[in-house]
Amino acid sequence: MTVDVAELVRLRSHRPEAIAEAAARRPRRPLLNTSGRLMIVAADHPARGALGVGGRGLAMANRADLLERLCLALSRPGVDGVLATADILDDLLLLGALDGKVVLGSMNRGGLQGARFELDDRFTGHRPEDIERLGFDAGKLLLRIDYDDPGSLTTLESTARAVDAMAARKLPVFVEPFISYRDERGRLRNDLSAEAVTKSIAIASGLGGSSAYTWLKVPVTDNPDDMAEVMATSTLPAVLLGGEVGDDQDGAYEKWRGALQLPTVRGLVVGRSLLYPADGDVAAAVDTAVGLL
């Protein structure tokens, strides 16, 4: 579909209540369909200042283009829903693209990419009460832990309280944990070794006063063969995340394919690699990912 930016701006200017009205009348569905699998397209990167895709530093900066890619992805068979921040979800509500879809609100986006305070990842996005009020289906939060950075402790505690608040509302929350570190240039990196991912899962699984509504959103380890042992760390349901866009997309598909066979892995949450594939064919990229499920 072609996004009419002028019409979106007109609605936002003259009828801001149209967003809440669209949310109230949105047809909903269960989190999991009859297959018990989940395919979610992620688009919460811009709110953290992460606009790059591959070698294109501002690839996600054109909002109309992003919305058109999202609408195309959401229209493909087998795509269950979307993960995004309020600005993007509000646009998608106005476009009617969220009807009958699973909607995940992105909760903490304060750890801006490249900032000195990146690991003090404050909750600047959806609050539990917002997700409940809008009739969304779940929330997602990012938990990066650097043993040398005190900011990680702030995020760790805030994450636990968010897990509590979501569980009190019987709303699922997808926790995306990493053990992270700063490289020699001070850039934040995520450790995808089997030991690090195992530790991150163990830490995330124990947060809050109840794990009843906690899901995990985890990366595939550097060595995909380690995933069976890594995922044995927890009984929480999990989805795989897409990660950075690389030149070997076929290799990424193969990594996902193997991990998707594990008993705790229920699906995929993938963003840039599907919305901005190297060949530009969004529909084909999405359909290939859906086929892995």
Side-chain angles (χ1 to χ4, degrees), residues 37-56 59-60 66 69-70 72-74 76 78-85 88 101-106 109 111 113 138-144 174-178 180 188-192 196-197 200-201 204 215-224 226-227 230-231 237-262 264-293:
R37 309 291 265 178
L38 200 58
M39 176 69 209
I40 300 294
V41 178
D44 60 342
H45 313 80
R48 208 170 57 80
L51 297 167
V53 179
R56 296 168 287 169
M60 298 187 78
L66 173 58
R69 291 170 184 268
L70 281 168
L72 174 57
L74 286 165
R76 302 306 298 171
V79 174
D80 293 292
V82 64
L83 158 66
T85 46
I88 293 174
K101 297 296 182 180
V102 172
V103 182
L104 279 66
S106 188
R109 299 280 83 189
Q113 186 180 60
K140 171 261 177 180
L141 56 87
L142 177 61
L143 174 63
R144 291 170 296 178
F174 289 70
V175 180
E176 181 179 355
F178 292 99
S180 304
L188 196 64
R189 303 295 188 189
N190 295 322
D191 186 345
L192 299 185
V197 177
S200 71
I201 290 174
W215 285 59
L216 299 173
K217 181 172 179 275
V218 299
V220 176
T221 49
D222 286 330
N223 182 352
D226 292 328
M227 283 298 286
V230 167
M231 295 309 296
V239 291
L240 304 177
L241 61 90
E244 296 294 330
V245 176
D247 295 328
D248 185 15
Q249 188 60 38
D250 289 337
Y253 290 137
E254 286 308 308
K255 287 183 177 182
W256 296 338
R257 189 190 307 278
L260 283 166
Q261 307 309 309
L262 299 172
T264 61
V265 178
R266 310 312 301 160
L268 289 167
V269 178
V270 186
R272 289 170 291 185
S273 58
L274 300 186
L275 293 173
Y276 299 87
D279 63 3
D281 193 339
V282 174
V286 171
D287 292 349
T288 301
V290 169
L292 300 176
L293 300 176

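Start at 1 with the first residue, then count along the sequence.
Evaluation of the side-chain contact (heavy atoms from CB on, under 4.5 Å) rule for Val265 yields Met231, Leu240, Leu260, Leu262 as partners, not counting sequence neighbours. With sequence neighbours excluded, the residues that form a side chain to side chain donor-acceptor pair (under 3.5 Å) with Thr85 are Asp87. Residues forming a side chain to side chain donor-acceptor pair (under 3.5 Å) with Ser180 (at least two apart in sequence, or on another chain): Asn190. Arg144 is linked by a salt bridge (Lys or Arg N to Asp or Glu O under 4.0 Å) to Glu118, Asp121, counting only residues two or more places apart in sequence or in another chain. Every residue was checked against the ring-ring contact (aromatic ring centres under 6.0 Å, His included) condition with Phe178, not counting sequence neighbours, and none meets it. Residues passing the salt bridge (Lys or Arg N to Asp or Glu O under 4.0 Å) test with Lys140, sequence neighbours excluded: Asp44, Glu176.
For the pair Gly52 and Arg272, the tightest heavy-atom approach, listed with the atom from each and the gap, is O-NH1, 3.3 Å. Taking each heavy atom of Ala138 and Phe174 in turn, the nearest pair found is CB-CE1, 3.8 Å. Of all non-hydrogen atoms in Met60 and Pro46, the two that sit nearest each other are CE-CD, 4.0 Å. The shortest heavy-atom contact between Pro237 and Arg266 is CB-CG, 3.9 Å. Closest approach of Pro219 to Pro177, counting heavy atoms only: CD-O, 4.5 Å. Summarising the geometry of Leu83 relative to Ile40, their closest heavy-atom pair is N-CG2, 3.7 Å, with the distance given to 0.1 Å.
For the pair Arg56/Leu51, no side-chain contact is recorded, criterion being any heavy-atom separation below 4.5 Å from C-beta on. In this structure, the side chains of Leu293 and Trp256 stay at 4.5 Å or more apart for every pair of heavy atoms.
Applying the salt bridge (charged side-chain N to carboxylate O under 4.0 Å, His left out) test to residues at least two apart or on different chains, the pairs with a partner in residues 274-293 are Arg76-Asp287.
Here the CE atom belonging to Met227 is positioned 8.0 Å from the OG1 atom belonging to Thr264, to the nearest 0.5 angstrom. Distance CG/Leu104 to CG/Leu141: 11.0 Å, rounded to 0.5 Å. A distance of 5.5 Å separates CG in Leu268 from CE in Met39, rounded to the nearest 0.5 Å.
In terms of modelled atom types and a separation under 3.5 Å, the side chain of Lys101 and the main chain of Val79 share a donor-acceptor contact.
Considering Leu274, Leu74, Val282 as possible partners of Arg69, the one that fulfils the side-chain contact (heavy atoms from CB on, under 4.5 Å) test is Val282.
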